[in-house]
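One structure below.
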Amino acid sequence: MSEKHLAVIVLAAGEGTRMKSAKPKVMHEMAGLPLLGHVLATASALGAAHVVPVIRHQRDHIEEYIRAFFPTANPIDQDDIPGTGRAVECGLAGLPNDFNGAVVVTSGDVPLLEVSTLDALLEAHLEGGFGVTVLSSIAEDATGYGRIVRDSSGSFTQIVEHRDATDEQLDIDEVNAGVYVFDSTLLRNALGQLGQHNAQGEKYLTDVVTIALSEGSTVQALAVEDSWQVAGINDRVQLSELSAELNSRICEAWMKAGVTIQDPASTWIDVTVELGRDVTLLPGTILKGTTSIGEGSTIGPEVLMTDTVVGAGASVVKSHVTGSRIGDEATVGPYSFLRPGTDLGADGKIGTFVETKNAKIGAGSKVPHLSYVGDAEIGVASNIGAGTIFANYDGINKHRSTIGSHVRTGSHNVFVAPITIGDGAYTAAGTVVRKDVEAGDLAMNVAPQRNIADWVLAKRPGSAAALAAEEAKN
Ligand code: UD1
Ligand code: CA
């Protein structure tokens, strides 16, 4: 069928009361996308001419997300009348009046559904010439789901909601996934006849099936084997279970693509992350957003990395990294904190207990120990001494520091910005650098050292220190 005759309606108007959240249910995240983002990505991949999310609860928040990330989707509001049937009825208003073809309906709270499953459902629907095709699955725990009721010959007769089911119907383990394909004409006609006589006083989309059958149309339910794909999220327990399942699928796909993941259960990878060949991820690594890791790099253990680009052959250990770039063969950690705007060159090093922000550190340059580097540019092959602070803030404004190439700065320096240190310059240990240093100069402003002879013997007589000193002198 051509795309012109295919529409997808995504139900996302419900409040999601069981989440007990200020945030709408479909905006809760898993693997870096809101639930609705997963569903809209799948809907978009189906290649339909029309994708119509139906929204209501916190519509502005959801609509803003849709406009930003799925600009070709056409969100439609649901009115006061409740229920999935009413939601689809409102959604139809988002299609051209003369639209005729197949209408796929999915739910914004069923995030693991795959495009291939929808494709197969659509194909079975069109090939068999059915009026309605329902996706079902055999559930281990059917609690909360609508049950697929069949007659003695196995033919589909109705979908009954959990809250409306008889004891006998509650024993049925085939459940409605909330994913359907409808013939558009049948759907329009049946929605017009929906009542609200049920336990929830809602217009149920599931009743369209009964109406279709009573009007002589054909209905089928197709069971999907992989029941995770149709699992819906109603509360945070299910959110966590599905997140773990999605994550294990993401890890498995990367392992098959050539990434070593020592402990997938403690490694969390957003769907938006890119990994190169022979990357190794060690336990406790969390990779988020637009992060990408180049070939052969090792990340972890215990790294939280967001929106960061890492080159090839790099190593990052026990660190927190956001909005940064890490060059080829560079090393970071353990215990580094790279804040946005950090750009570490190839072969560079950001070491233990070092915090960086808006800092370009050139190729081969090192900040190995106990330092803060903020609003700075460091050239190539320079070494920053242990315990150095780039004092970038005068209490009102931030200022930049520029350090040249092949510079050697002493331990325990303070660079009071704005400051420039020329190529090849040195600074002495303990220097507070307040004036620019020319290329090749040594800067020092430490007061000359004065030793007061035998001070300990005079002021601390009889102490262990004094006795040790006397011993040393004899
Ligand atoms: C629904 C099905 C049930 C199925 C289950 C699968 C009905 C009547 N029941 O039940 O048979 O087993 O999904 O997960 O359809 N929504 C709206 N507008 C509304 C109400 C809901 O857009 O007025 C949206 C929700 O935001 C959600 C989806 O429809 O994305 C499903 O609603 P929900 O209340 O979760 O339905 P279930 O009780 O799970
Ligand atoms: Ca649901």
Side-chain angles (χ1 to χ4, degrees), residues 8-19 21 23-28 34-40 43 52-59 61-62 75-94 105-113 132 134-139 141-149 156 158-165 169-170 172-180 182 190-191 194-211 221 223-224 227-239 242:
V8 186
I9 294 177
V10 177
L11 305 187
E15 187 177 349
T17 44
R18 289 166 278 185
M19 296 299 279
S21 176
K23 190 157 67 171
K25 171 166 76 176
V26 295
M27 292 306 291
H28 280 258
L35 301 181
L36 184 62
H38 289 280
V39 176
L40 287 177
V52 181
V54 182
I55 58 180
R56 173 179 166 83
H57 182 72
Q58 293 200 28
R59 61 176 305 282
H61 182 121
I62 301 178
I76 291 286
D77 282 356
Q78 185 175 348
D79 58 15
D80 286 345
I81 302 170
T84 48
R86 183 58 177 182
V88 171
E89 208 174 355
C90 295
L92 284 177
V105 174
T106 65
S107 279
D109 63 349
V110 179
L112 299 191
L113 185 67
V132 186
V134 179
L135 188 67
S136 70
S137 86
I138 307 301
D141 177 7
T143 309
Y145 287 94
R147 309 298 204 278
I148 305 286
V149 183
F156 195 125
Q158 68 170 131
I159 300 173
V160 58
E161 288 308 291
H162 186 105
R163 288 165 71 171
D164 301 298
Q169 288 168 334
L170 286 177
I172 299 172
D173 62 357
E174 187 180 6
V175 300
N176 170 27
V179 176
Y180 320 78
F182 297 97
L191 286 171
L194 286 184
Q196 290 169 253
H197 309 294
N198 51 56
Q200 302 183 84
E202 296 183 350
K203 280 191 169 188
Y204 285 170
L205 179 59
T206 45
D207 289 345
V208 165
V209 170
T210 317
I211 295 169
V224 61
S227 57
W228 285 107
Q229 280 196 44
V230 299
I233 290 178
N234 294 318
D235 61 31
R236 296 191 204 222
V237 175
Q238 291 164 326
L239 178 65
L242 264 73

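Each ligand, and each atom within it, is numbered from 1 in the order the structure gives. Below, all heavy atoms of this structure are taken into account, side chains as well, without hydrogens, waters or symmetry copies.
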Residue [X] vicinity, atoms of ligand 1 by number, heavy atom under 4.0 Å:
X: Ala12; value: 22 (O), 26 (O)
X: Gly108; value: 30 (O)
X: Ala177; value: 6 (C), 14 (O)
X: Ala87; value: 17 (C), 18 (N), 22 (O)
X: Thr206; value: 7 (C), 8 (C), 11 (O), 15 (O)
X: Gly146; value: 3 (C), 4 (C), 11 (O), 12 (O)
X: Gln78; value: 17 (C), 18 (N), 19 (C), 22 (O), 23 (O)
X: Lys25; value: 35 (O)

When you measure from the side chain of [X] to the backbone N and O of [Y], does any donor-acceptor pair fall under 3.5 Å?
X: Glu89; Y: Leu92; answer: no
X: Asp164; Y: Ala199; answer: yes
X: Lys25; Y: Ile233; answer: yes
X: Ser21; Y: Lys23; answer: yes
X: Arg147; Y: Leu170; answer: yes

Practice prompt. Tell me whether Asn234 has at least one N, O or S atom under 3.0 Å from the Ca ion (ligand 2).
Written response: yes
Rounded distance (nearest 0.5 Å) linking atom [atom1] of [X] with atom [atom2] of [Y]:
X: His38; Y: Leu242; atom1: NE2; atom2: CG; result: 10.0 Å
X: Glu15; Y: Gln58; atom1: CD; atom2: CD; result: 8.5 Å
X: Thr84; Y: Glu202; atom1: OG1; atom2: CD; result: 7.0 Å
X: Asp109; Y: Leu11; atom1: CG; atom2: CG; result: 8.5 Å
X: Asp141; Y: Ser227; atom1: CG; atom2: OG; result: 11.0 Å
X: Tyr180; Y: Thr206; atom1: OH; atom2: OG1; result: 6.0 Å

Discussion item. Using heavy-atom distances only, which candidate in Gly16, Gly83, Pro24 approaches atom 19 (C) of ligand 1 most closely?
Written reply: Gly83
Discussion item. My understanding is that we take every heavy atom of each candidate and find the minimum distance to atom 8 (C) of ligand 1. Doing that for Leu36, Val10, Thr84, which one comes out nearest?
Written reply: Thr84
Considering only non-hydrogen protein atoms, determine which one is nearest to [atom] and report residue, atom name and distance to 0.1 Å.
atom: atom 39 (O) of ligand 1; answer: Asn234 OD1, 4.0 Å
atom: atom 28 (C) of ligand 1; answer: Ser107 OG, 3.4 Å
atom: atom 37 (P) of ligand 1; answer: Arg18 NH2, 4.6 Å
atom: atom 5 (C) of ligand 1; answer: Asn176 O, 3.9 Å

What do you reckon, does [X] have a nitrogen or oxygen under 3.5 Å from a nitrogen or oxygen of ligand 1?
X: Asp109; result: yes
X: Leu11; result: yes
X: Ala13; result: yes
X: Gly14; result: yes

Quiz question for you: does at least one protein heavy atom lie closer than 4.0 Å to [atom]?
atom: atom 12 (O) of ligand 1; answer: yes
atom: atom 33 (P) of ligand 1; answer: no
atom: atom 26 (O) of ligand 1; answer: yes

Response to the item:
At under 4.0 Å between heavy atoms, what of Glu161 touches ligand 1? The answer is side chain
Worksheet entry | Contact partition for Val175 relative to ligand 1, non-hydrogen atoms under 4.0 Å | neither
Item to complete: With side chain to side chain contact (heavy atoms under 4.5 Å, CB included) as the test, would you mind laying out the steps for Ile62 and Met27 before giving the verdict?
Response: CA-CA 7 Å; Ile62 301 178; Met27 292 306 291; 4.0 Å; yes
Worksheet item: Between Asp80 and Arg56, is the closest basic N to carboxylate O distance under 4.0 Å?
Response: yes
Worksheet entry | Distance-minimising heavy-atom pair for Leu194 and Val208 | CD2-N, 4.0 Å
Worksheet, complete the sentence: Residues Val10 and Ser107: closest non-hydrogen pair is CG1-C, 4.4 Å
Worksheet item: Which N/O/S atom belongs to Asp109 and is the closest one to the Ca ion (ligand 2)?
Response: OD2
